[in-house]
Amino acid sequence: MSDDAYGPVMRRPAADVLDTTGIGRYVRWLAAERDLRFDDYDGLWEWSVAEPEDFWESIWDHFAVDGEYERVLGSTEMPGAQWFPGSTVNYARHMLRHAVGDGAGGDVAIIARSQTRGPLELTFAELLDQVGRARAGLQRLGVRSGDRVVAYLPNIPEALVAFLAAASLGATWASCAPEFGSRSVVDRFAQIEPTVLLTIGGYTHGAKEIDKSREVAAIRAGLPSVRHVVAVPFGPVEVPDALSWDDLLAEPGPPEFEPVPFDHPLYVLFSSGTTGLPKVIVHSHGGILLEHLKLHALHLDTRPGDRALWFTTTAWAMWNITISAMLVGGSLVLLDGNPLHPDLEEQWRIVAETGASLLGTSPGYLMACRAQGVRPTDLLGGGAGRLRQVGVTGAPLPGEAFDWIAEQFGDDVLVNSISGGTDVCSAFVGGGPWQPVYRGEIAGPCLGVDVTAFDPDGREIVDELGELVVRAPMPSMPVRFWDDPGDERYREAYFDTYPGVWRHGDWVIRTRYRSFVVTGRSDATLNRGGVRLGTAEFYSVVEDLPEIDDSLVVHLEDSTGATAGNLMLFVVLRDGAELDDALRGRIRDTLRAELSPRHAPDVIAAVPAVPRTLTGKKLEKPIKQVLLGKEPGDVISADAVSDFDALAAYRDAART
């Protein structure tokens, strides 16, 4: 069948792709060093999943990872795969190895643009010096391998410096964006008992000054394990009774890196807290190192001297992914603040000013640019400038966004729609320069990822909607969950549905020619403006209010991706309470303060009850379907839930 039997091919790989790209250098290396030759990407992918030990060993060797190992895979069990047993690595060492060598230190490592302070740049030599100083400072505070260092920081150079310093010591890192309220932060950080907290006192979001002093005080009070607080200067609000950033960096330190086992914790990422406290997902030095070398060089096509810009916060895995551009010699463009301030064109202006080769963004942003007639080529001097790739994640990318990028740039810029997750801190499916671009689809499986779609009985299906699954281990799959004896929560999260096979929780269509269409999550995560929160976190705040007995929240996404969608909160009032404008205002204010400003509901309505399954789970998905127009009896059986008759009340309440 033809390539466009499912969706039209919008862009084919360039004729010289193997001569000009990172994946081309890798393919030529395989031919020279391994006597392996491939005619196309599909053949390379098939080999990468059929021979995982050979593939991942080639990644180790091709990118000259330091260290020796006993073998590539000690065990292939999921969960429990043992990658490169006997090896020692350090992620920070590989991030900074491009800072040494003849002339390398003078190259720009970081370009920072901020709405709180002026622009800032660091060379690789300056970055290396600051990391050494921060490392020495953390050592003076008693930080050792295995300790936890946490940050309540925006996407600024100090966050990267502190992270690399902690990683160089073998300490474990975690971060939350300052948009998060104190409860969200404490729910995350308290689980890992950190010893050091880095924080700011406030920031500017667009033209608005945000004072976070109350939240910082509440976070400090909620983290009794913290022995030292480091205040990063950022905006006019000071953090009292804290060590200053300058004091932390007061003394120079050698650029040393503690060798740690491959699976030693590098950082933890947090789930969205959909069913209770956020899960603490432990990622390893070695797993992240190999996975991000592959992702940046072979899929995102990051090359030495490139500059990577991806608007993200420090609470999202895309921060961790983007900064890894330095692993392959790339530089970083760091943005913080309101990405739409002063207007939609600002991100394109920054691309032009900084010479970014990669722009990472959201479907909503691209659709908004399209709707408002933004012309990025005008802002980039009449062409694409140094921009080669637009990476997109966070939600499915509509076909119209593919059209718009093609209209603006032709074949000069590759649209790379990717999908992965916090759980693996990488992508399962995505594109790259050796793959076609299919309108409205993700180009295919990433190298080394045995990903497909299953039906409910665990059978692989093609051209039908199914569960996204991964049938073989990836190095960046979590080492474990924090405080999870016997890996019980880990197994429940990914392996209960299909034993021995990772079920991710995305609904996908895998086409007959291996492209993917992601249709949405099969769990309940609230994603508003790039800040992801789980419904359980939402309920813990709302139901703390004295007037509220129970609640349920539903996010109706905008199918075009042009807006943040409609966030609807339904509340069961306690006896004597009235849902008036004053209570609605207090609910919104509380959610802004405790969770994030982006999660203030658009609609707040009273309902008689919150229907639940017989095991006590709120009917978030069935009620969402009712709000989208389906009849209650069509989405769930009446004998499977409590308060079934209340389902109809949600549609009525939403209309008032």
Within a strict 4.5 Å, meaning less than it, do heavy atoms of the Pro154 and Thr313 side chains meet? no

Do Glu346 and Leu340 touch side chain to side chain, with heavy atoms closer than 4.5 Å? no

Distance-only, no hydrogens or angles: does the Asp450 side chain make a donor-acceptor pair with backbone N or O of Arg471 under 3.5 Å? no

From CG (Leu309) to CD1 (Ile111), nearest 0.5 Å: 9.0 Å

As a quick check of understanding, evaluate salt bridge (Lys or Arg N to Asp or Glu O under 4.0 Å) for Glu33 and Arg25, giving each step before the final call. CA-CA 12 Å; Glu33 300 294 329; Arg25 285 189 291 276; over 6 Å; no

Would you compute the distance between atom CG of Leu380 and atom CZ of Arg375 and round it to the nearest 0.5 angstrom? 11.5 Å

A side-chain contact here means heavy atoms from C-beta on lying under 4.5 Å apart; do Tyr438 and Val9 qualify? yes

Where is the tightest heavy-atom contact between Gly448 and Trp45, given as atom of each residue plus distance? N-CD1, 4.4 Å

Can we say Asp306 and Arg388 salt-bridge, meaning some charged N sits less than 4.0 Å from an Asp/Glu carboxylate O? yes

For Thr314 and Ser175, indicate whether the former's side chain and the latter's backbone hold a donor-acceptor pair under 3.5 Å. no

Hey, do the aromatic rings of Phe428 and Phe516 have their centres closer than 6.0 Å? no

Flag, side chain of Thr21 to backbone of Val17, donor-acceptor distance under 3.5 Å: yes

Would you sort out whether Val501 and Val470 count as a side chain to side chain contact (heavy atoms under 4.5 Å, CB included), showing the intermediate values? CA-CA 6 Å; Val501 174; Val470 182; over 6 Å; no

Would you kindly say whether Gln115 and Thr204 are connected by a side-chain donor-acceptor distance under 3.5 Å? no

Could you tell me which non-hydrogen atom of Leu73 sits nearest to which non-hydrogen atom of Ala81, and how far apart they are? CD2-CB, 4.3 Å

Residues that Asp411 engages under salt bridge (Lys or Arg N to Asp or Glu O under 4.0 Å), provided they are two or more places apart: none

Heavy-atom closest pair (Leu30 atom, Ser58 atom, distance to 0.1 Å) is CD2-CB, 4.0 Å

Can you see which heavy atom on Val429 is nearest to which on Cys446, and at what distance? C-SG, 3.7 Å

When you compare the side chains of Glu460 and Thr452, does any donor N or O come within less than 3.5 Å of an acceptor on the partner? yes

Side-chain donor or acceptor of Ser357 paired with backbone N/O of Leu387 under 3.5 Å: no

Please indicate whether Arg11 has more than 12 foreign heavy atoms, meaning atoms of other residues, nucleotides or ligands, lying under 6.0 Å from its CZ. yes

Flag the pair Arg37 and Asp39 as a salt bridge only when some basic side-chain nitrogen lies within less than 4.0 angstrom of an acidic carboxylate oxygen. no

Show your working on side chain to side chain contact (heavy atoms under 4.5 Å, CB included) between Asn320 and Phe163 and close with a plain yes or no. CA-CA 10 Å; Asn320 307 73; Phe163 160 56; 5.6 Å; no

Under 30°, 30 to 60°, or over 60°: which ring-plane class applies to Phe84 and Trp60, parallel, tilted or perpendicular? parallel

Quick check against the 3.5 Å criterion: does Gln435 have a side-chain atom that pairs as donor or acceptor with the backbone of Gly432? yes

Using modelled atom types and a 3.5 Å cut-off, is there a donor and acceptor pairing between side-chain atoms of Asp107 and backbone atoms of Thr123? no

What I'd like to find out is whether the side chain of Pro339 reaches to under 4.5 Å of the side chain of Gln347, using heavy atoms alone. yes

Leu358 vs Asp301 side-chain heavy atoms within contact, under 4.5 Å: no

Sub-4.5 Å side-chain heavy-atom contact between Leu334 and Ile156: no

In terms of heavy-atom contacts, does CZ of Arg34 have more than 12 from other residues, nucleotides or ligands at under 6.0 Å? yes

Does any donor atom in the side chain of Trp434 or Asp40 lie under 3.5 Å from an acceptor atom in the other side chain? no

I would like to know whether Leu366 and Val392 meet side chain to side chain contact (heavy atoms under 4.5 Å, CB included); could you show each step before the answer? CA-CA 9 Å; Leu366 296 179; Val392 190; 3.8 Å; yes

Tell me, please, which residues at least two apart from Glu345 pass salt bridge (Lys or Arg N to Asp or Glu O under 4.0 Å). Arg349

Kindly say whether Leu289 contributes a backbone atom to a donor-acceptor pair with the side chain of His94 at under 3.5 angstrom? no

Taking atom CG of Leu414 and atom NE2 of His299, what is their separation to the nearest 0.5 Å? 12.0 Å

Modelled atom types, side-chain donor and acceptor of Tyr41 and Glu46, under 3.5 Å: no

Under a plain distance cut-off of 3.5 Å, with no hydrogens placed, do Ser284 and Tyr91 share a side-chain donor-acceptor pair? no

Among Ile321, Thr361, Ile442, Ile418, find the one that has a side-chain contact (heavy atoms from CB on, under 4.5 Å) with Thr393. Ile418

Passes side-chain hydrogen bond (donor to acceptor under 3.5 Å, both in side chains), Tyr203 versus Glu179? Steps please. CA-CA 10 Å; Tyr203 60 95; Glu179 290 90 346; 4.8 Å; no

Under a 4.0 Å threshold between the charged nitrogen and the carboxylate oxygen, would Arg370 count as salt-bridged to Asp403? no

When you measure from the side chain of Arg510 to the backbone N and O of Phe454, does any donor-acceptor pair fall under 3.5 Å? no

Determine whether the aromatic ring centres of residues His285 and Phe262 are separated by less than 6.0 angstrom. no

For the residue pair Ser114 and Asp336, confirm or rule out a side-chain donor-acceptor distance under 3.5 Å. yes

Distance-minimising heavy-atom pair for His555 and Leu567: CB-CD1, 3.9 Å

Main-chain N/O of Phe55 paired with Ser48 side-chain donor or acceptor, under 3.5 Å: no

Considering all heavy atoms, the nearest Ala109-Met326 contact: CB-CE, 4.4 Å

Classify the ring geometry between His292 and His296 as parallel (under 30°), tilted (30 to 60°) or perpendicular (over 60°). perpendicular

Would you say the side chain of Asn416 lies within less than 4.5 Å of the side chain of Leu300, judging by non-hydrogen atoms? yes

Mind checking whether Trp348 and Phe409 have parallel, tilted or perpendicular rings, split at 30° and 60°? tilted

Check: Cys369 main-chain N/O paired with Gln372 side-chain donor or acceptor under 3.5 Å: no

For the residue pair Ile23 and Leu447, establish whether any side-chain heavy-atom pair is separated by less than 4.5 Å. yes

Evaluate side chain to side chain contact (heavy atoms under 4.5 Å, CB included) for Arg303 paired with Val328, printing each intermediate quantity in order. CA-CA 6 Å; Arg303 309 172 193 173; Val328 294; over 6 Å; no

